[in-house]
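All ligand and atom numbering here is 1-based and tracks the order in the structure. Since the structure is predicted, the reported quantities are computational estimates derived from the model, not experimental observations.
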Amino acid sequence: MVKICGIGAGYVGGPTMAVIALKCPSIEVAVVDISESRISAWNSKKLPFYEPGLEEVVNQCRGKNLLFSSDVEKHVYEADIIFVSVNTPTKIKGIGAGKAADLTYWESAARMIADVSNSDKIVVEKSTVPVRTAEAIGKILSENSKSKGIKYQILSNPEFLSEGTAIQDLLNPDRVLIGGNQDPQGLDAIQKLKDIYAYWVPQDRIITTNLWSAELSKLADNAFLAQRISSINAMSALCEATGAEVSQVSLALGKNTKIGPKFLNASVGFGGSCFQKDIMNLVYICESNGLTQVGNYWKEVIKVNEYQKSRFVHRVVTSMFNTVSGKKIGILGFAFKKDTSDTRKSPAIDVCKGLLGDNACLSIYDPRVTEHQIEKELCMDGVECVNVVGDAYEATRDAHGLCILTEWDEFKTIDYQRVYQNMEKPAFVFDGRNILDVHKLREIGFIVYSIGNPL
Ligand code: NAD
Ligand code: UGA
């Protein structure tokens with residue numbers, strides 16, 4: 001029986017390992033983490049984060065062929081294949097600060113694997129890492145091995161799931177990418193990983209490449225996706241200035257089969273833990289290779305995203321007679337996208353901080369994000385005027401304006417007539433996700449600003 005150990009029980013490691021367990025009943029899957037609290041949440045009724053369908057998958061397998069444990073070393077020792085899904089954040093100090101990936105967690109996982117292993121292992125990079133990380137990891141493993149003759153094969157198997165649709169993405173991936181050494185041992189390891197995915201993924205969707213192509217493809221993938229959003233967001237500013245409507249432009253673009261319809265929703269800016277960090281990582285790699293022009297090209301994607309967030313704050317303040325000081329503003333949505341409780345790098349953080357900087361009073365509602373989480377993200381020291389409330393009506397009662405910052409479906413079906421009645425007048429709506437019917441809202445009496453729509 002093959003034994004798998006997944007190191008890192010986060011947004012990637014947890015769902016990915018759970019789906020492998022679901023689809024491969026004959027494989028034992030142990031998910032380990034240094035965070036005791038994360039592991040105990042995985043073993044409880046309330047999982048560490050909200051992800052549609054995750055609870056059902058975990059409930060089906062936990063206690064059968066899926067277990068969560070903080071005994072990292074035991075499960076690494078026993079495993080044949082080790083998936084490493086630890087965090088790879090941006091370095092915050094030292095050389096490359098603000099750009100390069102901090103591989104501290106990865107390196108410590110590799111050193112621990114070398115320390116405890118007593119048999120050959122396949123080590124799978126699931127985390128997003130700089131191109132050529134496998135080379136460094138290989139050296140750490142082989143030069144720190146405690147037992148002689150142990151062979152390690154490193155594979156790059158980047159993860160492409162999106163939060164909010166993680167389970168669907170894992171059950172039905174458009175592709176699985178496996179990079180490995182092209183020698184007989186490497187090809188054998190690639191085949192072993194292919195055999196696992198073959199339990200549920202059609203062969204033609206499993207792509208194999210060399211290690212460096214797989215590592216770089218992941219960074220390129222996120223850079224292309226983020227670039228599309230910055231492109232449509234840049235167009236949204238032009239739409240507002242010219243009378244074009246961004247959703248009509250997106251529709252027209254999306255019908256071009258060379259462009260395709262996905263990822264063309266203008267927004268208050270993209271968020272999430274990965275786009276910014278992975279692009280900055282790419283920029284750093286470009287610069288380290290003397291490719292300044294290429295790095296500058298990708299940096300613009302981030303600059304446009306920053307511009308989009310600050311443009312939104314500017315719009316709110318200037319529309320409301322150049323002052324929001326002491327005014328209540330209802331904030332609907334704090335997660336970085338719908339169907340997740342994740343707030344990492346959410347555009348809502350920068351927008352809220354911008355409005356607080358102008359002394360606004362915020363009343364925030366998000367269906368899945370806790371008060372504690374919101375306070376943590378806003379780094380509150382008690383002087384800010386922020387309330388976290390339990391529904392959209394409360395958030396907007398007596399408010400001068402409301403901002404939609406996450407595209408939760410429930411915000412589309414709110415009774416806006418009722419909201420209008422309970423707000424101060426003139427009542428402003430700032431739709432940062434372009435999900436509301438501008439004409440209907442204007443009929444009710446709101447003054448409406450919606451990203452990419454003429455005023
Ligand atoms: P996360 O922070 O949610 O989870 C990482 C986990 O690894 C944490 O629980 C941490 O305690 C644990 N960890 C760190 N060092 C460890 C060690 N030495 N031993 C055991 N556990 C350790 O991060 P995430 O969002 O799951 O992302 C993980 C990686 O996957 C990142 O490289 C990210 O870029 C990539 N990725 C993320 C997504 C996503 O949607 N979140 C999608 C694709 C790829
Ligand atoms: C993204 C990628 O889509 C995944 O392929 C990748 O695996 C993952 O990053 C990762 O490496 O972490 P995720 O960040 O979970 O997934 O979510 P997305 O759906 O990509 O949304 C990211 C941000 O862009 C959100 O803030 C979202 O609201 C915004 N977005 C997305 C737009 O503003 N417009 C769009 O058209 C699409």
Quick check: does [X] get an N/O under 3.5 Å from an N/O on ligand 2?
| X | answer |
| --- | --- |
| G272 | no |
| T128 | no |
| E407 | no |
| L161 | yes |

Heavy atom under 4.0 Å from ligand 1: found in C274's side chain, backbone, both, or neither?
->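 Under 4.0 Å from ligand 1, C274 contributes side-chain atoms alone.
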Region of S85 engaging ligand 1 - heavy atom pairs below 4.0 Å =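 It is the backbone that gets close, since no side chain atom is under 4.0 Å.
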Taking the six-membered ring for Trp, are F428 and F430 parallel (under 30°), tilted (30 to 60°) or perpendicular (over 60°)?
->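 Parallel: the ring planes of F428 and F430 meet at under 30°.
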Would you please classify the geometry between the W298 ring and the F224 ring as parallel, tilted or perpendicular, with 30° and 60° separating the classes?
->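 Aromatic pair F224/W298 classed tilted.
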Counting only heavy atoms, which portion of [X] has something under 4.0 Å from ligand 2: side chain, backbone, both, or neither?
| X | result |
| --- | --- |
| I229 | side chain |
| K262 | neither |
| T340 | neither |
| N222 | side chain |
| Q276 | neither |

Just to confirm my output: which protein heavy-atom neighbour is closest to [atom], and how far is it?
| atom | result |
| --- | --- |
| atom 20 (C) of ligand 1 | I7 CG2, 3.3 Å |
| atom 18 (P) of ligand 2 | K337 NZ, 3.6 Å |
| atom 8 (C) of ligand 1 | D33 OD2, 3.4 Å |

Judging by distance only, is a nitrogen or oxygen of D278 under 3.5 angstrom from one on ligand 1?
->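 The answer is no, given that D278 and ligand 1 share no N or O pair closer than 3.5 Å.
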Any N/O of R344 closer than 3.5 Å to an N/O of ligand 1?
->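 Right, the criterion is met.
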Mind running side chain to side chain donor-acceptor pair (under 3.5 Å) on K337 and S267 for me, showing each step along the way?
-> CA-CA 10 Å; K337 61 186 283 195; S267 65; over 6 Å; no
Return yes when V72 approaches ligand 1 closer than 4.0 angstrom through a heavy atom, no otherwise.
->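 Under 4.0 Å: no for V72.
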Atom indices of ligand 1 within 4.0 angstrom of G8 heavy atoms, with elements |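 Numbered from 1, ligand 1 contributes 6 (C), 7 (O), 12 (C), 21 (N).
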Side chains of V176 and R205 in contact at under 4.5 Å (non-hydrogen atoms) =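 They are not in contact (no side-chain heavy atoms under 4.5 Å apart), so the answer is no.
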